Structure formats: C-alpha cells, structure tokens
Asks: 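For reference, the structure I am asking about is given below.
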Amino acid sequence: MIKVLMVASEATPFAKTGGLADVVGSLPGALRSFDCEVAVLIPRYRAIDLGSARRIYDSLPVWLGGVQHQTSLYQAGETPFYFLDAPALYDRDGLYGDSDGDYPDNAVRFAVLSRAALAVARRVFRPQILHCHDWQSGLVPVYLRTVFACDPTFLGIKTLFSIHNLGYQGLFPPAVLPQVGLDRRVFNIKGLEFFGQVSLIKGGLNYSDALSTVSRKYALEIQTPEYGFGLDGVLRARSADLYAILNGIDYGNWDPQTDPYIAAQYSPGDLSGKRLCKQDLIGEFGLPELAVTRPLLGVISRLTPQKGTELLIEIAPQLVEEDLYLVVLGSGDPVYEEALQTVAAACPDRIGVRFGYDESLAHRIEAGADVFLMPSQYEPSGLNQMYSLRYGTVPVVRATGGLDDTIDEGTGFKFQEYSAEAFLAAVRAAAAAYQDRQGWEALMRRGMLKDYSWRASAAEYAALYQKVLDDDKQAASFSQLQHQTQMRG
Ligand code: ADP
C-alpha cells in the first residue's frame with residue numbers, strides 16, 4: 001500500500017475551473033484499485049458546501065514570514081478530501097481572481113496551502129508521496145527540501161510534481177519571498193528565479209523528485225522553446241525525471257448510455273438517441289429544425305488564446321457559407337465573448353453562443369453535436385476530445401499535445417499548422433465525410449469504443465509512485481544534499 005497526499009487548487013465535485021479539477025477529483029478513486037491510499041488537500045473556497053464535511057482540526061496555524069495564518073481543516077468523502085479553511089484567504093467567489101484580475105495575494109494564498117500540506121502530512125495523513133499539481137502547489141517540495149530539509153518527520157517522503165498546464169506559472173515579484181517564508185537564497189536560476197520574478201511552478205520543477213505531465217506529445221513539446229514558456233531549458237535538464245501519463249476520463253459522469261443530462265441515451269449499438277439529442281440542442285440554441293440534416297459543430301471551451309478561440313472566430317463566417325451549424329459554450333476573455341457574439345448575431349439561424357459555465361449544457365453539446373472542434377494552440381491533455389469520442393461526436397483537433405496522442409484518422413480529423421486555413425480544411429474534410437452516412441457511423445463507433453478510462457492511467461501513476469519510492473536512495477539523498485548546499489549558499 002502506497003500512501004499519497006495530493007495537493008491541488010481544485011477538484012471535482014467541489015471546485016472546478018478546468019481539466020485539473022477532473023483529474024484531481026477522479027484519479028484518487030481510480031488509484032484505490034492499485035493499492036494506493038490517497039488523500040487530497042484543496043482550499044475551502046466560498047462555493048464549497050461544508051454540509052457533509054466534518055471539522056477535524058480546529059486550528060492548524062501556518063506561520064509564514066512572521067505572520068500567523070489561522071486555518072482549520074475539514075474532511076469529506078471517501079477519498080478523503082481535506083479542505084483547508086482560511087476565510088481571510090479563500091472565502092471568496094473566485095478560485096484565482098475576479099473581474100479585476102488575479103487576486104493580488106495569490107502567492108500567499110497558495111503558499112499557505114503548500115505549507116499546510118506539510119502540517120497535514122505531519123499530523124493527519126502521513127504520506128510516502130506528496131503529489132503536487134501545477135504552480136499552486138509548487139512550494140510544497142521547496143519547503144520540504146529547504147525549510148524542513150533536516151526535519152526527521154519528513155525523512156523519506158518523496159515528491160511528484162504534475163504539470164497540467166505550463167502556461168500558468170505563478171509568477172510574482174521578489175518582494176513576496178519573505179511573505180511566503182522563503183530565504184532569498186532560493187532566488188537563483190536553479191531555484192525559483194525566472195527572469196527577475198519568483199516562479200512557483202519553477203519551484204515544483206526544480207525541487208521535486210520526479211515530474212510528470214499529461215500526455216506524451218506534451219512532454220516532448222514543453223522541452224522546446226515553442227511550447228516551453230521559457231522553462232524548456234529547466235525541463236530539458238530534468239528530462240530523465242519527466243514522465244508522461246495521459247489523463248483518464250470518468251465514464252461514470254461522461255457516458256451517453258447513462259448520462260442524466262441528455263435528451264435520450266444511446267450506445268454504439270443503438271445510435272438513434274443521438275438524433276434526439278441533436279434536436280434538443282438545435283431547440284436549445286433556437287436553430288432551425290432543418291439543421292438536423294446538416295453537420296452540427298460543437299465547442300465547449302475556456303475562451304483563451306490557448307484554445308485557438310481566434311481561429312474559431314475567424315472561420316465562423318465561412319462555416320455558414322459551407323452550410324454548417326455551430327454551437328459554442330464558453331467563458332473567458334470578454335474580447336472573445338464579444339467577437340463571438342458579433343458573428344452569432346450576424347447569422348442567428350446558423351450560430352448559437354452561450355457564455356458562462358454550464359455543466360448540463362456541456363453534456364448536451366457533447367451528445368447533440370456531430371463534430372467537436374478543438375483548434376488549440378497547445379493542449380496538455382484535453383478532456384473534451386475524449387468525451388466527444390465516447391459520445392460519437394467526431395473530433396476535429398489541432399495535432400498538439402494530448403489531442404495528437406488521442407485522435408487519429410480512424411476516429412477524427414487533425415490539422416498541423418496553427419492557421420485558420422488549416423483548421424477550415426479539416427472541418428471541410430469532416431463535413432465531406434459526414435455525407436457518407438455509413439462511413440460516418442463507423443467513424444463514430446470506432447471513437448465510442450475507445451477506452452480512455454482512468455484504469456490505464458491510474459496503473460501508470462501507481463507504477464510511477466513505486467518507481468519514485470524505489471529510486472536509488474543514494475541518488476535521493478544526493479539531491480537533498482545538493483539543495484541543502486545551495487541553501488547554505
Ligand atoms: P482545460 O483544463 O485547459 O480548460 P480540458 O479539456 O482539459 O481543458 O478540460 C476542460 C473541462 O472543463 C472539461 O470538463 C469541459 O467540459 C469543461 N468546461 C470548459 N468550459 C466549460 C463551460 N463553459 N461550461 C461547462 N464546462 C466547461
């Protein structure tokens with residue numbers, strides 16, 4: 001039995017802004033079948049209802065830079081999930097920010113989470129592995145290997161840092177160092193310094209025993225200047241410790257045979273329900289009934305440059321000329337929302353848009369659309385293309401990251417170059433293929449029968465935990481010594 005404490009900023013069903021939450025919410029349960037006992041620590045945001053949780057620690061004070069942060073700890077669920085309650089830091093509507101932008105105290109908010117993780121490891125759930133996810137938990141290995149390097153409580157604990165999106169790095173001015181309780185000596189190129197700023201993700205990358213990311217292609221891409229966001233050198237230096245494990249899908253939530261949100265359930269053996277789902281979606285977006293005979297394209301996305309939103313906006317008018325229909329559910333950059341609103345207003349009987357976060361509508365789009373579009377600039381793993389496969393909604397994707405790893409010519413359509421022309425050509429190829437009903441249904445079924453469940457990925461995480469634990473003890477203590485030496489300057 002391997003004991004793992006995951007530290008993250010979001011997890012379904014409690015708090016979600018993207019795919020990270022799906023992973024942290026589903027992976028622990030899947031790991032149970034592989035002899036791993038997992039607990040998860042996340043902040044207690046305002047939206048998390050403590051109704052079914054119990055308070056297990058009234059006071060778990062966290063001292064950082066001479067300031068005492070009052071926190072308490074709640075526990076819920078089978079996994080278990082621990083919620084770090086610190087109202088001054090987390091009792092807010094957003095996870096990371098509001099309409100004015102990121103919260104100005106994000107460095108302290110997630111430093112407190114990281115430091116509290118070590119208090120949980122000391123007093124509540126003693127892990128062999130601390131599994132950290134993205135920049136918000138990047139300071140866990142830093143504290144472990146610096147401030148607590150000589151603390152016998154933590155001897156032998158290993159750290160795995162998973163990169164879910166290298167584009168978000170947790171960059172702050174050097175003035176935050178004392179506030180997060182770190183010595184200036186970590187502020188060097190082999191530590192947290194990144195072009196004059198403090199980078200929390202770099203802490204995770206430099207101080208963890210092993211690194212992982214969420215697809216094979218992305219693991220290669222992030223070691224190149226094009227996709228490395230300035231950290232490709234750091235990742236190349238650690239390439240021997242960098243592993244790739246594709247995200248899995250929770251088919252308990254995403255399966256057209258059981259999905260309670262959709263108008264009619266269906267399966268690879270009986271696709272008739274999908275037509276009803278399409279009619280339902282057409283009705284929801286006020287498109288003409290006639291649309292049922294033509295390819296209906298769907299998008300569910302954060303509206304950010306990463307997701308290729310500008311390519312979508314650029315080709316939208318041409319899609320109309322091609323006699324296609326489009327529905328979009330998204331939230332994000334107001335500039336993109338406005339641009340999408342404008343193209344939809346010009347062709348209201350062809351293009352439907354909806355802004356905001358809507359779980360139920362996301363399921364109805366997956367079920368009701370014929371084709372799912374993901375023209376991402378980069379995509380670490382991507383979940384929606386895998387949901388789409390299961391729903392018989394044929395993906396058109398840019399060949400990057402997890403999209404490239406999960407979609408092939410037997411299940412969807414790919415384009416290489418990040419350009420509107422290449423994207424449009426792939427959509428045209430899909431629309432042409434749609435004309436051959438038999439061929440199209442065979443394409444749908446091949447996708448529906450793919451298995452991207454958590455089972456395979458959880459087995460790989462379990463094997464990686466074991467490997468990290470087994471790794472040459474001498475090597476581990478050597479790296480510990482190195483960090484200590486660096487600290488002593
Ligand atoms: P990322 O984490 O980069 O946003 P992923 O494809 O890995 O991308 O995961 C996105 C997740 O968020 C999926 O579960 C998707 O259905 C969901 N999602 C994204 N935008 C919305 C939205 N506006 N409404 C509902 N769900 C959304």
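Because only heavy atoms are used, hydrogens play no part in the values below, and waters and symmetry mates are left out as well, while side chains stay in. Just follow the structure's listing: the first ligand is 1, and inside any ligand the first atom is 1. Fair warning: this is a prediction, and the values are worked out from it, not measured in the lab.
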Asks: At a 4.0 Å cut-off, with the gap strictly under it, does some heavy atom of Pro380 reach an atom of ligand 1?
Replies: no
Asks: Does any N/O atom on Asn384 come nearer than 3.5 Å to any N/O atom on ligand 1?
Replies: yes
Asks: Judged on heavy-atom distance to atom 8 (O) of ligand 1, which of His164, Lys307, Arg302, Lys16 sits nearest?
Replies: Lys307
Asks: Are any of the N/O atoms on Ile300, whether in the backbone or the side chain, positioned under 3.5 angstrom from an N/O atom of ligand 1?
Replies: no
Asks: Can you find an N or O of Met374 that's nearer than 3.5 Å to an N or O of ligand 1?
Replies: no
Asks: Within 45 degrees of the axis of the six-membered ring of Phe285 and under 6.0 Å from its centre: does Arg354 put its NZ or CZ there?
Replies: yes
Asks: Would one find an N or O of Ala362, backbone or side chain, under 3.5 Å from an N or O of ligand 1?
Replies: no
Asks: Any cation-pi pair here, Arg115 with Tyr143, using under 6.0 Å and within 45°?
Replies: yes
Asks: Do Arg92's NZ or CZ and the ring of Tyr103 fall within the cation-pi criteria of under 6.0 Å and 45°?
Replies: yes
Asks: Select one of side chain, backbone, both or neither to describe which atoms of Asp22 lie under 4.0 Å from any atom of ligand 1, heavy atoms only.
Replies: side chain
Asks: Are Tyr387 and ligand 1 in contact, using a heavy-atom cut-off of under 4.0 Å?
Replies: yes
Asks: Are any of the heavy atoms in Ser381 under 4.0 Å away from ligand 1?
Replies: no
